[in-house]
Trainee: 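My structure is below; once you've seen it, I'll send some questions.
Chain A is the first sequence line, chain B the second, and so forth, proteins listed ahead of strands; every chain is numbered from 1.
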Amino acid sequence: MKDYQLAWKNLWRNKRRTLITAASVFFAVFFALVMRSFQLGAYDRLFKNVIESYSGYLQLQHEDYFDDPNLDNTFKIDQTLIDQMKEDPNVNDVVPRLESFALAAAGSHTQGVIVLGIDPDREDKVMKISNKLVKYKLTSGTIGKLKNDSIPDKTKKLLDVFSNEAYYSEARLMMDLGISDEDSATILPIIRRHASISNGYLTENGTSEVVIGDGLSEYLKAGVGDTIVLMGQGYHGTTAAGKYMVKGIIKLPAPDIDNVIVYIPIESARELYAAPGMATSAVISLNSNDDNDILQTGNRLQKIISDPMIIKTWQQLNALMVNQMEADNKSGMIMIAVLYMVIAFGVFGTVLMMLAERKREFGMLVSIGMKKKRLAKVISLEMLFIGFLGVAAGVAGSLPLVFYGNIHPLKFTGEFARMYEDMGFEAVMPTMLPDTFYLWQVVVVLVILVIAIIFSTRKIFRMNVINAMRA
Amino acid sequence: MAVVEINNVFKTYHDTEVEVKAINGVTLSFEKGDFAVIVGPSGSGKTTLLNLVGGLDQPTGGEILIAGHRLSELRSSELIDFRMDHVGFVFQSYNLIPVLTAAENVGFIMNLQKWPKEKRMARTDELLSSVGLADRHKSRPSQLSGGQQQRVAVARALATHPEFILADEPTANLDSKSAESLLDIMEKLNHEEGMTFIFSTHDTRVMKRAHRVITLEDGKVVSDEIRTE
Ligand SMILES: Nc1ncnc2c1ncn2[C@@H]1O[C@H](COP(=O)(O)OP(=O)(O)OP(=O)(O)O)[C@@H](O)[C@H]1O
Ligand SMILES: [Mg+2]
């Protein structure tokens with residue numbers, strides 16, 4: 001008989017206790033993994049939304065621009081430099097931008113905005129802006145018309161919840177309004193008829209056209225075809241002012257940006273701000289967005305460019321958000337730490353009970369010739385078995401949920417979705433696939449086990465055989 | 001040469017406020033083939049003496065030799081091996097590992113000593129037969145009676161051919177019939193194989209069967225009679 005066989009048999013002498021202990025480890029691991037997966041998945045999504053619709057993974061900037069986003073901290077974009085950067089195997093394109101602030105006015109409404117001068121075609125390839133053009137909008141007018149048409153009562157009720165909501169995809173619209181796939185054939189044409197809005201994207205020649213965020217369009221009460229006025233300060237303190245027609249409205253998945261964004265062709269922006277040939281930044285679009293590849297590409301590019309230009313990563317570009325996430329992340333970790341603490345006490349209780357209960361047996365075993373070292377090994381194996389049973393079950397149990405949640409993200413519907421979106425989150429929560437956070441749970445359980453093992457090994461080595469058997 | 005020699009041994013406990021002289025100057029020796037029983041009132045030092053002889057405890061004075069080895073000269077890790085090789089133990093209770101079968105319990109020490117499997121199994125068969133449990137190889141301790149469990153413990157104690165077997169009140173938890181049959185077996189092993197047995201007991205049934213009765217009182221030997229039937 002091998003030691004591990006004896007340990008395995010010992011495990012089942014008190015089936016209930018072993019199962020309860022393993023189950024508590026299972027519960028902790030399972031819960032922690034699923035929770036982490038949702039939390040990390042939500043962060044991932046949040047960052048992806050901002051990165052892939054606004055900041056990009058890497059940007060080329062003037063070194064002072066980030067701390068002082070002022071038109072004086074711009075640079076002349078140099079085609080040879082761009083070509084040089086594009087030689088990097090992971091760089092797909094380098095798309096210049098001219099970004100500044102302005103006051104936007106439409107009728108009697110005004111709002112501080114970000115004016116983002118872009119190259120319409122190249123920017124669209126990176127940020128897929130034209131895909132986010134709003135197709136349907138549930139204004140009070142359209143809701144009134146829809147309610148008079150033949151649509152289910154449930155959908156009519158939901159129309160009020162989502163009044164003023166804009167959609168660039170029918171899938172989300174259907175979900176919010178509770179339209180099933182079967183009903184869609186009859187209901188969607190009605191919605192299309194009443195709620196569709198015609199919407200266009202920027203062109204190189206449309207120098208007096210802009211595309212604005214849906215949030216901004218609501219503040220300004222400016223729709224497609226309306227005129228807005230942009231006023232601000234240009235290069236070297238000149239006055240910048242211009243009149244533009246709203247060509248399209250887009251809905252960005254990042255509400256903070258959606259509320260203030262004005263897209264404008266870069267040449268119009270240069271004209272507005274009297275900064276010909278200048279750029280405040282250039283988005284570097286990459287072939288691989290893998291964390292490690294981004295970092296390495298950034299390092300390579302940093303060597304090509306010269307002062308005052310620097311490469312900024314998405315973490316630096318979204319520093320505020322990164323900080324917020326880290327704070328939120330800590331609170332999640334504290335919760336898990338508390339959970340593991342409770343589990344650690346449970347495991348310890350079991351170990352103490354087991355040691356007390358088997359004292360005479362240990363005394364007998366050492367009396368008849370079992371070395372304490374060997375006995376400690378058997379007992380340690382027992383604890384490792386329980387721990388691994390729990391961890392294995394926890395990991396196995398979490399996997400289907402985590403994988404399912406990644407393919408079919410949790411989507412909030414109804415009022416809850418509205419609330420969630422108003423807070424600045426997307427009402428879609430995908431899970432994060434297994435990653436290093438899985439490894440961490442195993443490490444934590446292992447640490448608990450190691451402490452329990454050290455404790456019981458010490459107990460065994462300090463055991464006085466005679467006292468143990470007298471007990 | 002005596003199997004066990006006890007020379008003017010003392011054991012004093014200081015655990016409590018009062019000092020207890022559990023063994024107070026004992027000199028005894030046991031020869032190969034002894035079937036000896038230690039009797040005496042509760043607290044007279046029987047268990048203490050057996051623990052000292054088995055090397056489970058160290059005397060505070062005097063010397064114990066087993067098969068010519070001075071126990072005091074062994075380090076504690078050597079002592080564990082020494083016990084395993086030279087002494088067989090049968091305790092009053094909690095003798096067996098509850099999760100192992102009778103055969104596995106008997107084979108346990110041989111297993112610790114890394115006997116080859118065939119040899120171990122053959123010896124286990126032999127021993128279980130000699131204690132009348134040839135048909136209970138696969139039974140767990142919980143499936144055996146108290147007497148049967150004690151017989152398995154005897155078989156295990158015998159496995160590696162120890163110098164002698166120590167048994168502290170082996171019949172204390174047994175009914176008369178089980179006690180008698182345990183004694184029958186031990187007597188047979190004593191007769192046929194010359195195995196040395198040293199018991200402690202309160203049990204008159206055991207006393208009647210012993211060939212030598214040593215009486216302790218307050219940690220001292222007050223009588224030591226050899227009986228010849
Ligand atoms: N570990 C110990 N610590 C302190 N005192 C002890 C210890 N072991 C035994 N004693 C004391 O030593 C004396 C002898 O005890 P021992 O157990 O040897 O008696 P015994 O003859 O076996 O009694 P019983 O017939 O009740 O089993 C008793 O007074 C007991 O209280
Ligand atoms: Mg006793």
Trainee: Taking atom CZ of A:R360 and atom CG of B:N95, what is their separation to the nearest 0.5 Å?
Mentor: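 With rounding to 0.5 Å, CZ (A:R360) is 11.5 Å from CG (B:N95).
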Trainee: Please check if atom CG in B:D218 has more than 12 non-hydrogen atoms from other residues, nucleotides or ligands closer than 6.0 Å.
Mentor: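 Check fails, neighbour count at 12 or below.
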Trainee: Sort A:R358 into side chain, backbone, both or neither according to what part of it lies under 4.5 angstrom from a heavy atom of chain B.
Mentor: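 For A:R358, neither part sits under 4.5 Å from chain B.
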Trainee: Is the shortest heavy-atom distance from the side chain of A:E361 to the side chain of B:I97 under 4.5 Å?
Mentor: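 Yes, their side chains come closer than 4.5 Å.
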Trainee: Is it the case that atom OH in A:Y404 sees more than 12 heavy atoms from other parts of the structure closer than 6.0 Å?
Mentor: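 Check fails, neighbour count at 12 or below.
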Trainee: Carefully, step by step, assess A:V465 and B:D57 under the rule side-chain contact (heavy atoms from CB on, under 4.5 Å).
Mentor: CA-CA 8 Å; A:V465 183; B:D57 207 354; over 6 Å; no
Trainee: Measuring from atom CG of B:L56 to atom CD1 of A:I466, what distance do you get when rounded to the nearest 0.5 angstrom?
Mentor: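 Taking CG in B:L56 and CD1 in A:I466, the distance rounds to 5.5 Å.
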Trainee: Do other residues, nucleotides or ligands put more than 12 heavy atoms under 6.0 Å from A:M353 CE?
Mentor: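 Atom CE in A:M353 is packed in, count exceeds 12.
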Trainee: Applying salt bridge (Lys or Arg N to Asp or Glu O under 4.0 Å), can you list everything that pairs with A:K377, at least two apart in sequence or on another chain?
Mentor: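 With neighbours one apart ignored, the set is A:D3.
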Trainee: List the atom of B:I109, the atom of A:I368, and the distance in Å for their closest heavy-atom pair.
Mentor: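 Smallest interatomic distance, heavy atoms only, reads CD1-O, 3.9 Å.
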Trainee: Measuring from A:M469:CE to B:F89:CZ, what's the distance to the nearest 0.5 Å?
Mentor: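 Answer rounded to 0.5 Å: 7.5 Å.
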Trainee: Does any pair with a residue in residues 41-54 of chain B pass side chain to side chain donor-acceptor pair (under 3.5 Å), and if so which ones, sequence neighbours excluded?
Mentor: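 Listed once each, the pairs are B:T47-B:D168.
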Trainee: Quick check on the structure: residues of residues 436-453 of chain A within a heavy-atom distance below 4.5 Å of chain B, by number.
Mentor: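 Listed by number, there are no contacting residues, so the answer is none.
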Trainee: Can you say whether B:E104 sits under 4.5 Å from chain A via the side chain, the backbone, both, or neither, judging by heavy atoms?
Mentor: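 Only the side chain of B:E104 comes within 4.5 Å of chain A.
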Trainee: Take atom CZ of A:F461 as the centre, draw a 6.0 Å sphere, and report whether it contains more than 12 heavy atoms from other residues, nucleotides or ligands.
Mentor: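 Yes, enclosed.
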Trainee: Would you confirm whether B:R83, through its side chain, and A:V366, through its main-chain N or O, come within 3.5 Å as a donor-acceptor pair?
Mentor: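 It does hold such a pair.
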Trainee: Could you check whether any side-chain heavy atom of A:K371 comes within less than 4.5 Å of a side-chain heavy atom of B:D81, counting everything from C-beta outward?
Mentor: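 Yes; the side chains approach each other to less than 4.5 Å.
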Trainee: Which bit of B:Y94 comes within less than 4.5 Å of chain A, counting heavy atoms only: side chain, backbone, both or neither?
Mentor: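 Its backbone and side chain both get close to chain A.
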Trainee: Heavy atoms under 4.5 Å from chain B: which residues of residues 7-33 of chain A carry them?
Mentor: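 The residues closer than 4.5 Å to chain B, in numerical order, are A:K9, A:N10, A:R13.
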Trainee: Hey, is NZ on B:K188 packed in by over 12 heavy atoms from elsewhere, all under 6.0 Å?
Mentor: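 For B:K188, atom NZ is crowded (more than 12 foreign heavy atoms under 6.0 Å).
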Trainee: Just how far is it from atom CE of A:M364 to atom OG of B:S93, taken to the nearest 0.5 Å?
Mentor: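 With rounding to 0.5 Å, CE (A:M364) is 10.0 Å from OG (B:S93).
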Trainee: At a 4.5 Å cut-off on heavy atoms, which part of B:F108 comes close to chain A: side chain, backbone, both, or neither?
Mentor: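 Side chain of B:F108 only, per the 4.5 Å heavy-atom cut-off to chain A.
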